[in-house]
Amino acid sequence: MPFTGNYTTNVFKAGLLNGDFDFAVDTFKIALYTNSATLDASTTAYTTTGEVVASGYTAGGNNLTVTQGISSGTAFVSFNTVSWSGAFTARGALIYKSGGLNTAVCVLDFGSDKTSTTTFTVTFPTASATDALIRLS
């Protein structure tokens, strides 16, 4: 079943415990997917299966700028707003650590197909202890 919600992947959770992620050093990317993709908590790595194919979109997606911090005992990570020029449709996205195994971090379900006619933009929540995409308390 394609896209059934938003997930922090199991491989990311295990990788945090093993020290496999360094948000201050590692490169993270976001790839866009159509409704034919099957991504969920068990997704282990970036895949081209179901990825958007369109003018203005390059396989593998775009680099993300990480914002991280800690406030009131909650560590948080969020990312910059990212966009692509072009007309295409995406149902969701995968954030992953670029390089090596291209390890999956989280799956984003847009809730329905989203279509752009000129610029496709993904806006992330504020980088804070209460709003950031990834929070640990």
Side-chain angles (χ1 to χ4, degrees):
M1 172 186 277
F3 289 102
T4 59
N6 298 308
Y7 300 96
T8 303
T9 64
N10 296 332
V11 69
F12 173 67
K13 293 172 190 175
L16 282 177
L17 298 177
N18 294 329
D20 295 338
F21 296 92
D22 184 340
F23 283 93
V25 175
D26 295 335
T27 299
F28 292 87
K29 297 188 84 166
I30 182 171
L32 299 176
Y33 291 85
T34 67
N35 63 5
S36 69
T38 302
L39 303 172
D40 58 23
S42 66
T43 300
T44 59
Y46 161 74
T47 178
T48 58
T49 303
E51 189 172 12
V52 166
V53 176
S55 178
Y57 180 83
T58 302
N62 284 353
N63 287 346
L64 292 169
T65 301
V66 176
T67 301
Q68 63 180 336
I70 190 162
S71 177
S72 302
T74 299
F76 57 87
V77 176
S78 198
F79 305 95
N80 64 306
T81 295
V82 62
S83 61
W84 295 262
S85 295
F88 55 86
T89 299
R91 169 55 197 237
L94 177 70
I95 294 175
Y96 66 99
K97 176 182 166 181
S98 181
L101 300 174
N102 288 325
T103 307
V105 172
C106 61
V107 173
L108 305 176
D109 181 349
F110 298 156
S112 63
D113 284 348
K114 303 298 180 187
T115 301
S116 76
T117 56
T118 57
T119 304
F120 193 98
T121 302
V122 177
T123 303
F124 290 94
T126 303
S128 70
T130 56
D131 297 319
L133 185 64
I134 300 169
R135 299 182 304 267
L136 301 168
S137 57

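Values in this document were obtained by computation on a predicted structure and should not be read as measured data.
- Distance alone, capped at 3.5 Å, places no donor-acceptor pair between the Asp109 side chain and the Gly92 backbone.
- Hydrophobic cluster membership differs between Leu94 and Val11, with clusters built from Ile, Leu, Val, Met, Phe, Trp and Tyr side chains linked at under 4.5 angstrom.
- Thr44 places none of its side-chain heavy atoms less than 4.5 Å from the side chain of Thr9.
- Proximity of Thr34 to Arg91: side-chain heavy atoms (C-beta onward) are nowhere separated by under 4.5 Å.
- In this structure, the separation between CD1 on Ile95 and CG on Leu108 is 4.5 Å, given to the nearest 0.5 Å.
- Considering Glu51, Lys97, Lys29 as possible partners of Tyr46, the one that fulfils the side chain to side chain donor-acceptor pair (under 3.5 Å) test is Glu51.
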For residues 67-80, please give each side-chain donor-acceptor pair under 3.5 Å, one per line with the distance, not counting sequence neighbours.
from	atom 1	to	atom 2	distance (Å)
Ser78	OG	Pro125	O	2.9
Asn80	OD1	Thr65	N	2.5

Only pairs under 3.5 Å count here: list side-chain donor-acceptor contacts from residues 115-122, not counting sequence neighbours, and write none if there are none.
from	atom 1	to	atom 2	distance (Å)
Thr115	OG1	Thr89	OG1	2.7
Ser116	OG	Gly86	O	2.7

### Task
Go through the steps to decide whether Tyr33 and Val107 satisfy the test side chain to side chain contact (heavy atoms under 4.5 Å, CB included), and finish with yes or no.
CA-CA 10 Å; Tyr33 291 85; Val107 173; over 6 Å; no

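- In Leu101, the CG atom is not crowded: 12 or fewer heavy atoms of neighbouring residues, nucleotides or ligands sit closer than 6.0 Å.
- Side-chain contact between Leu39 and Thr47 is present, with heavy atoms from C-beta onward closer than 4.5 Å.
- Taking CG from Leu64 and CZ from Phe28, the interatomic distance works out to 9.0 Å, rounded to the nearest 0.5 Å.
- A search for salt bridge (Lys or Arg N to Asp or Glu O under 4.0 Å) contacts involving Asp20 returns nothing, not counting sequence neighbours.
- Relative orientation of the Phe88 and Trp84 rings is perpendicular, given thresholds of 30° and 60° on the angle between their planes.
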